[in-house]
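We name chains A, B, ... by the order of the sequence lines, and we start the count at 1 in each one.
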Amino acid sequence: MSQNADKVIDHEMLFREPEYVEMFDNKKKNFEFAFPLEKMEEIREWTKTREYQDLNFAREGLTVNPAKACQPLGAVFAAVGFAKTLPFVHGSQGCVAYYRSHFSRHFKEPTSCVSSSMTEDAAVFGGLNNMVDGLANAVNLYKPDMIAVSTTCMAEVIGDDLGAFIRTSKQKGSVAEDYDVPFAHTPAFVGSHITGYDNALKGVLTHFWEGRERTPNESINFIGGFDGNVVGNMPEIRRILSLFGAEYTVVCDPSEVWNTPTDGEFRMYDGGTTKDEVKQALNAKATLSFQAFSTEKTTKYIATTGQEVVALHHPMGVAGTDKLLMEISRLTGKPIPAALEKERGRLMDAIADSSSHIHGKKFALYGDPDLMLGLTAFLLELGAEPVHVLSTNGGEDWAAQVQALFDASPFGAGCHVYAKKDLWHMRSLLFTEPVDLLIGNTYGKYLERDCGVPLIRMGFPIFDRHHHHRFPIWGYEGSLRVLVAILDEIFEALDANTIDTATTDYSYDIIR
Amino acid sequence: MSLTVEETKVRNKELIDEVLKAYPEKSAKRRAKHLNVHEEGKSDCDVKSNIKSLPGVMTIRGCAYAGSKGVVWGPIKDMIHISHGPVGCGQYSWASRRNYYIGTTGIDTFGTMQFTSDFQEKDIVFGGDKKLEKIMDEIQILFPLNKGITVQSECPIGLIGDDIEAVSKKKSKEYGGKTIVPVRCEGFRGVSQSLGHHIANDAIRDWVFEKTDPDKNKFEATPYDVAIIGDYNIGGDAWSSRILLEEMGLRVIAQWSGDGTIAELENTPKAKLNVLHCYRSMNYISRYMEEKYGIPWVEYNFFGPSKIEASLREIASHFDDRIKEGAERVIAKYKALTDAVVAKYRPRLEGKTVMLFVGGLRPRHVIGAYEDLGMNVVGTGYEFGHNDDYQRTTHYVKDGTLIYDDVTGHEFEKFVEKIQPDLVGSGIKEKYVFQKMGVPFRQMHSWDYSGPYHGYDGFAIFARDMDMAINSPVWALTKAPWKK
């Protein structure tokens, strides 16, 4: 018996004890009827080959380990970015349980969201009654200032009409006639979570802007897009805009509700863009979107109001941040603050200090399309080679933009972009064309295990490391943090590879 | 500060009245039936259960897909489970339930992978059957060591009229009788995960038992063969249970479904006894095996030494003296460990109060383990329990316990705020709400990434974890000193 009260051991060590190992062996031998070990090894080796890769890339129907989620997840993200707003997802209730869990596992924070809990009868007769009762219950119980409605695929397949349902609910007195219920149809079978973010955000803007006269002012709007680091990034962009002395409105900011204190009080709502701010945002002279693919429809809609729209692709690093600041400067007419120039210099300083460790290193990266563009550009300017850049929710237009980045840099020569591919495709690539480092979300740890490539965690979701989402990856400061994350992994890998006494530890240097 | 039982009952009844005030009248009436204060001597908890959640109330429940793919089928490790429909369901349930297993993932084992048909608009419009066929072909090429395929239906499948049964039959035939199981667990079916468990059980009956070749995967039966039913091996629970059954002389021929294989499912009808942990999710198949194959089943509870001891004896009572002696031997063997665990942790936990809200068996099953540590469960409820669960609960709860079925976010928050338990045990969606409020919390679905909690080895971990939650120094620091 290995367990003991003095030093309790859990799953990590318990099951390595001999009595358990023997039990596993017996279970396998006597009852599992598994393939022989040699067969397993043979197939495992085969999956590492070019032949397997070709079969893998010939897939037309099957998706394995995708790096994307569905629309309503993004809609919930957008909804919680508004002050005292309760996301309401019309359709099956299990979906909402999933979104809430998913966000809570990433942010380590509560995520409040309700469902209209449609079941078989609603599948037959439509979910109008669920909407009528659901809005009334939600308003009474959770006292939001606004309810932002989106849909699950169930409601979309049966064709529920949100606009009509909300009107009827108001007529039936579920919520007051003038109560704000912006909505968006967010079918899970179109696009991904970034599409849902886009649709929901556009829904909110349309709700408050439609039919209103625009009186242009000097303010600019900032929209961040779906972002796993939103908690750290939003304060950083606010700091940058404040240094400019710019008048600005962040449209959709969940950085406070996903960053509430533990002080004895649960805050269902905290921070977020207020209704007045949204209304005022119509009058801004321009809108700056940090992530163009995450805001395609929103920015298109904003442009129709007469605002100038600048949509970037998650600019990072030196040139990326330079571009961001120059755009802010151009839009606001204010010079780039000296403080930020100094930050730029410090980032340059750090890169100069460390670039020899990154230069020529090969990277594989995957994630949302805008993040991939920003990160690819940053890696290229560090002298790294982003050999495999993959996105499950990035299309051909995205791939062309990544290719353009490759083409513009000597370090992009041997690099390839993969649109609409998944992490099982990536697994093949990592075997046939190995790299030094992998950048991606938590699911990348399975690639780290299978292919032996160290993972740098970036993107969404990250479940198995804590608190990194609290820090920015935007701006010069954020880029510095990304640089450090990359360097840490490089040094960890180097140390791990030189740690064996009397065989490799001559290189186990204390100065790097 | 501690109330008498009568005072507690009055307080709890007032609390129920108070939480109901926030609802619109119609909803308050419906919710009132799900909330109660337990009266000792009653045969059930006198609450309504297994009925539809109200829309808009922030129910904690999931769906039938979660019950089938997430709970019952997902852990069968050598099969490939296709999340059939849009990408989300499979993504959110990907490897999040901690069903531990041994195997080479991606080669002969597929537990922590996400296989999806990633439905696009054209699949909704034109149907997904052709795509499903293609997916099965691709699985055969790329994952040749898979031992079978299941089709876990997401909402659209049942709405667009796809015939996944026909596709499954066709492809099974094409691949020489391969096990391919269509599961109609669309998320809109039923009122919670629970119907998904039932549908998944029925799918095993119809598509595994009915189609098993009796000459395949044969082994010599023994009089001591049992199957573990309803243990999902969360954090290794089934392993720390199996080891006890084997030590008492039984032979575990199958695990349902944690670390399970299709061969184990197929061979289960050879068992002499089915031992059932999660009654809620697998009573259906246990009853079926009793009727069809004459295999008796017995419920057991491996949380905490008191219940483990009683369960080992109960299981042994179905066998001869050799096993009965084996049970006593196991109980004696672990006595020193449990005594040491209780001696270490009970003084730190004595008298502490707990409120639970979980699924499956846990709202009642873990009560004994808390009591072994001197703690009292003062409120409990089921996410998706039925009346038979609430009947069974009466054997566990004390007079005056607050009972809340399908609790809403609003109710749970208010209950905890007023009762101020020393610990809340619930899920990830609830965890941070209560921690923000300054209340210690443990996730009692995932064991908060710890475990196992089953068996004697697990009890030590359970005790350690409850102690570290309640007696963490952080709770004394949540209020700034200048605000105290």
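Annotation: the span from B:N267 atom CG to A:E32 atom CD amounts to 12.0 Å, rounded to 0.5 Å.
Contact count versus chain A (heavy atoms, under 4.5 Å) is highest, among B:W447, B:F143, B:Y65, for B:F143. Between chain A and the options B:F434, B:F188, B:W94, B:Y23, heavy-atom pairs under 4.5 Å are most frequent for B:W94. Of the listed residues (A:N4, A:L73, A:T111, A:N56), the greatest number of heavy-atom pairs within a distance under 4.5 Å of chain B belongs to A:L73. Contacts with chain B were tallied for A:M40, A:K28, A:R267; A:M40 has the most, counting heavy-atom pairs under 4.5 Å. Note on B:V57, B:I428, B:N217: by heavy-atom pairs under 4.5 Å with chain A, the leading option is B:N217. Counting heavy-atom pairs under 4.5 Å between each of A:M118, A:R105, A:H193, A:R427 and chain B puts A:R105 at the top. Between chain A and the options B:T261, B:L142, B:V19, heavy-atom pairs under 4.5 Å are most frequent for B:L142. The choice from A:T392, A:T119, A:N30 that makes the most heavy-atom pairs within less than 4.5 Å of chain B is A:T119. Among A:S117, A:S116, A:P110, A:A138, the residue making the largest number of heavy-atom pairs under 4.5 Å with chain B is A:P110. Per-residue heavy-atom pair counts under 4.5 Å with chain B were compared for A:S2, A:A5, A:P72, and the maximum is reached by A:A5.
The backbone N or O of B:V191 sits less than 3.5 Å from a side-chain atom of A:Q93, completing a donor-acceptor pair. Although no hydrogens or angles enter the test, the distance criterion places a donor-acceptor pair under 3.5 Å between the side chain of B:E138 and the main chain of A:L62. Checking side-chain atoms of B:Q120 against main-chain N and O of A:V190 turns up no donor-acceptor pair under 3.5 Å. Panel note: side chain B:K436, backbone A:T260; a donor-acceptor pair is recorded below 3.5 Å. Panel note: side chain A:Y142, backbone B:H410; a donor-acceptor pair is recorded below 3.5 Å.
Only the side chain of A:T47 comes within contact range of chain B, with at least one heavy atom under 4.5 Å from a heavy atom of that chain. Proximity to chain B (any heavy atom under 4.5 Å) is restricted, for A:A34, to the backbone atoms N, CA, C and O. Neither the backbone nor the side chain of A:A122 comes within less than 4.5 Å of any heavy atom in chain B. For A:Y446, the part lying under 4.5 angstrom from a heavy atom of chain B is the side chain only. Residue contact with chain B, scored on non-hydrogen atoms closer than 4.5 Å, involves the backbone and the side chain of A:E120 alike. At a 4.5 Å heavy-atom cutoff, the contact between A:L86 and chain B is made by side-chain atoms alone. Neither the backbone nor the side chain of A:F463 comes within less than 4.5 Å of any heavy atom of chain B. Contact annotation for A:E156: neither backbone nor side-chain heavy atoms come within less than 4.5 Å of a heavy atom of chain B. Interface residue A:C113: only backbone heavy atoms are found under 4.5 Å from chain B. With a 4.5 angstrom heavy-atom cutoff, A:P261 touches chain B only via backbone atoms. Proximity to chain A is limited to the side chain of B:K147, based on heavy atoms less than 4.5 angstrom apart. At a 4.5 Å heavy-atom cutoff, the contact between A:S104 and chain B is made by backbone and side-chain atoms alike. Heavy-atom distances place both the backbone and the side chain of B:E121 under 4.5 Å from chain A. Contact of B:E417 with chain A is not made at all, since no heavy-atom distance falls under 4.5 Å. Looking at B:L195, only its side chain comes within 4.5 Å of chain A, counting heavy atoms on both sides. In this structure, chain B has heavy atoms under 4.5 Å from both the backbone and the side chain of A:L55. For chain B, no part of A:N393 is nearby; none of its heavy atoms comes within less than 4.5 Å. Within the 4.5 angstrom heavy-atom criterion, only side-chain atoms of A:M268, from C-beta onward, approach chain B.
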Return a table of donor-acceptor pairs under 3.5 angstrom between the side chains of residues 63-70 of chain A and protein atoms on other chains or two or more places apart.
| unit_1 | atom_1 | unit_2 | atom_2 | d |
| --- | --- | --- | --- | --- |
| A:N65 | OD1 | B:Q114 | N | 2.8 |
| A:K68 | NZ | B:D118 | OD1 | 3.1 |
| A:K68 | NZ | B:D118 | OD2 | 2.9 |

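With salt bridges taken as basic N to acidic carboxylate O contacts below 4.0 Å, one links A:K27 and B:D259. Between B:K134 and A:E60 a salt bridge is recorded (basic side-chain N to carboxylate O distance below 4.0 Å). With salt bridges taken as basic N to acidic carboxylate O contacts below 4.0 Å, none links A:K39 and B:D108. Between A:D263 and B:K483 no salt bridge is recorded (no basic side-chain N to carboxylate O distance below 4.0 Å).
Between B:M113 and A:Y443, the closest side-chain pair of non-hydrogen atoms is not below 4.5 Å.
Between B:W239 and A:Y20, the gap from one ring centroid to the other reaches at least 6.0 Å.
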For a side chain to side chain contact (heavy atoms under 4.5 Å, CB included) check, start with the C-alpha distance between B:Q435 and A:F266, then their side-chain angles and the critical distance, and finish with the verdict. CA-CA 8 Å; B:Q435 290 189 178; A:F266 161 55; over 6 Å; no

Given side chain to side chain contact (heavy atoms under 4.5 Å, CB included), test A:H11 with B:Y100 step by step and report yes or no. CA-CA 10 Å; A:H11 55 87; B:Y100 281 8; 3.2 Å; yes

Would B:F119 and A:V157 satisfy side chain to side chain contact (heavy atoms under 4.5 Å, CB included), going step by step from the backbone distance to the final call? CA-CA 12 Å; B:F119 259 34; A:V157 171; over 6 Å; no

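Using cut-offs of 30° and 60° for the angle between ring planes, the B:F219 and A:F33 rings count as parallel.
B:Y449 is linked by a ring pair (Phe, Tyr, Trp, His ring centres under 6.0 Å) to nothing, counting only residues two or more places apart in sequence or in another chain.
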